[in-house]
Amino acid sequence: MLGGIDNRNNYMQHFYETGIAQQYALRMNGGTDRMAWLLSIGHDRNKDNLASTYQRSTAKLENSWQLLKGLQLSARAMLTHSASKTGKTEYTSLSSGTSQLPPYVTFANEQGNALPVMKDYRQKVIDALGTNALLNWDYYPLTDSEHSYIEQKLLDLLANITLNYKLNKNISATLNYQLQQQQTDIQRTDDADSYFTRNLINSFTQLGGGSPKRIVPLGSILDQTDGKLLAQNLRGQVNYHQEWAKHSVNLLLGGELLKSNTFNQIRTTYGYNPSILTAVNMDFVNTYPNVLTGRSSFIPNRNGFSESIRRNVSAFANLAYTYLGRYTLSLSARQDASNLFGVATNDKWNPLWSGGLA
C-alpha cells in the first residue's frame, strides 16, 4: 500500500441511531502522486412500522494509477449484501372474498386476542360439511403474518476497469469494462399454522370413502427462488475538441458491447418440517376435487427453471458545432442490434439519428 493512511481523512460518516434504524459508515483514502485509493465500508439496518426489516452491508474499493504521461488506469469494485423480511400485512391489502374488508371489522377482542375474519368462504358453508376432519379454517389477519412471510437475500458484485488516454489537448480516448455478478435467494414460508397452508390442506382433503385423506400433507409449504445474473459490458469512446477564432467543434465516436445471462430456479416444497429437515413428495400429475366446490384442479406447483441471454451491440457518434459561443448545431447517429425475439432480422441493425439547433 503506497502513501499509507492520512489520519486527517479517517473519519466516521453518517453515524446515527434511532428506534427503528441504524446506519454506520467508515471511509478512508490516501495515495501518492502516481496512485490514489479509497476504501468505504457501510452498514445500515431499518425496521418500519409494520415490523418488516431490511439490512445492507457494503464495501467499496477504488484505485487509480498514473501509468504514463497522459495514460491513467482506474479500477473500482463494490460488494453489497442485503437481507430483508416482510412484516405485518397492510390493512389496504386485506380482503374478504373478492372485496376489501369493511372499515368496522374488529381484529382483536378487549384482551388483545386475535379474532377471526371471513376470508374465502362463509362460516355456514364450512359448517355445512358437518365434519371435524378438517383443520381450523379461520383467518386471523392480526397474527397470520407471523406464520406467512417472505425472506430475501442479495449478494451483488459490481467491478469495472477504465483506461483513459489523453493524446493531446484536443484528443482523448476511454476504454471501460464492467462486470456484474448477482445472486438472489427468495424464500416464502407458509408454516402449518398459516391460513394459506390450512386452506390448501382443507381444500384438497378427500372426505368420501371412510376416513378422510389429505392430499396436501401437514407441515409447512416453502417456495424458494434462486436467481443468478452475470452481465459484462465493454465500451470504447474517442473525444475530439477544437476551438479557434469564433468556432468550436466537439466530436464523439464510440461503441459498446453488452451481454447478460439470467438464470432462475424455483422449487415448491410441501410437508416441510424445519426441525428434522424433511419433506413429502407430491402428486402434481393428477387432479383432485375441492372439498367445498367439487371442482377438480392440480396441486399448485411452481417447480421449474428459466434462463435468458441478452446480447447488444451499439455504435454511436455525436457532432456539435458552436459559433460565437451562442449558436449550436448538433448531429447524432447510432446503430443498435440485439438478439431479442420479436424483431425482424432486417430491422435489428437500423440506424437512428437526430439533429438540433440551439
Side-chain angles (χ1 to χ4, degrees), residues 50-53 83-90 93-98 114 116-121 123 125-126 129 131-154 183-207 211-228 263-306:
L50 293 177
S52 64
T53 60
S84 62
K85 182 179 180 180
T86 57
K88 299 177 181 178
T89 307
E90 293 185 12
S93 64
L94 296 174
S95 62
S96 177
T98 58
V117 173
M118 190 194 78
K119 178 66 172 174
D120 297 307
Y121 309 105
Q123 188 61 43
V125 175
I126 298 175
L129 291 175
T131 178
N132 295 324
L134 301 176
L135 301 177
N136 180 5
W137 219 325
D138 292 334
Y139 172 55
Y140 298 88
L142 187 64
T143 58
D144 193 66
S145 61
E146 300 173 6
H147 308 287
S148 182
Y149 49 87
I150 299 175
E151 297 173 288
Q152 179 171 331
K153 294 181 180 180
L154 171 68
Q183 181 172 333
T184 306
D185 298 318
I186 303 175
Q187 176 173 296
R188 170 172 175 166
T189 301
D190 294 284
D191 68 26
D193 294 322
S194 68
Y195 174 80
F196 178 85
T197 300
R198 290 183 285 113
N199 176 56
L200 203 60
I201 293 175
N202 285 342
S203 297
F204 282 94
T205 297
Q206 308 300 298
L207 297 178
S211 60
K213 180 181 179 181
R214 290 195 172 98
I215 305 302
V216 177
L218 298 174
S220 301
I221 300 175
L222 298 184
D223 264 338
Q224 297 170 292
T225 302
D226 298 329
K228 294 181 180 180
F263 177 81
N264 291 294
Q265 179 181 1
I266 304 175
R267 299 183 301 275
T268 302
T269 304
Y270 286 87
Y272 176 69
N273 187 329
S275 299
I276 56 177
L277 300 178
T278 58
V280 177
N281 292 327
M282 298 299 297
D283 179 8
F284 297 118
V285 177
N286 299 303
T287 60
Y288 296 92
N290 185 287
V291 69
L292 289 176
T293 65
R295 183 178 303 170
S296 294
S297 62
F298 294 97
I299 297 173
N301 175 24
R302 298 181 65 241
N303 293 325
F305 304 88
S306 65

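Hydrogens, waters and symmetry mates play no part in the numbers below; they use all other heavy atoms, side chains included. Starting from 1, each residue takes its place in the sequence as its number.
- Once rounded to the nearest 0.5 Å, the distance linking OH of Y288 with CG of D283 reads 3.5 Å.
- Taking every heavy atom of both residues into account, F284 and P300 meet most closely at CE2-O, 3.6 Å.
- Residue K85 holds its NZ atom at 5.0 Å from CD of E151, rounded to the nearest 0.5 Å.
- Q224 CD to N303 CG: the interatomic distance, rounded to the nearest 0.5 Å, is 10.0 Å.
- Evaluated for a side-chain hydrogen bond (donor to acceptor under 3.5 Å, both in side chains) with Y195, the options D120, D144, D190, D138 yield exactly one hit, D120.
- Between Y272 and L277 there is a side-chain heavy-atom pair separated by less than 4.5 Å.
- Taken from OH in Y121 to CG in N199, the straight-line distance is 5.5 Å, to the nearest 0.5 Å.
- Residues V285 and F298 approach most closely at O-CE2, 2.9 Å, considering heavy atoms.
- For CG of N286, the number of neighbouring non-hydrogen atoms (other residues, nucleotides, ligands) closer than 6.0 Å is greater than 12.
- Here the CG-CD distance, from L154 to Q183, works out to 9.5 Å after rounding to the nearest 0.5 Å.
- Side chain of N290 to backbone of R295: no donor-acceptor contact under 3.5 angstrom is found.
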Counting only pairs under 3.5 Å, give me each side-chain donor-acceptor contact of residues 211-223, with atom names and distances, residues two or more places apart or in other chains.
from : atom 1 : to   : atom 2 : distance (Å)
R214 : NH2    : A133 : O      : 3.0
D223 : OD1    : T268 : OG1    : 2.7

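- Every side-chain contact (heavy atoms from CB on, under 4.5 Å) that T86 has, sequence neighbours left out, goes to Y149, I150.
- For the residue pair S93 and T89, the shortest heavy atom distance occurs at OG-CG2, 3.2 Å.
- Rounded to the nearest 0.5 Å, atoms CG (N202) and CG (L292) are 8.5 Å apart.
- Smallest separation of non-hydrogen atoms from D193 and D191: N-OD1, 2.9 Å.
- In this structure a side-chain-to-backbone donor-acceptor pair under 3.5 Å is present from Q206 to F204.
- Of the possible donor and acceptor atoms, none in the side chain of T197 sits under 3.5 Å from a partner among the backbone N and O of S194.
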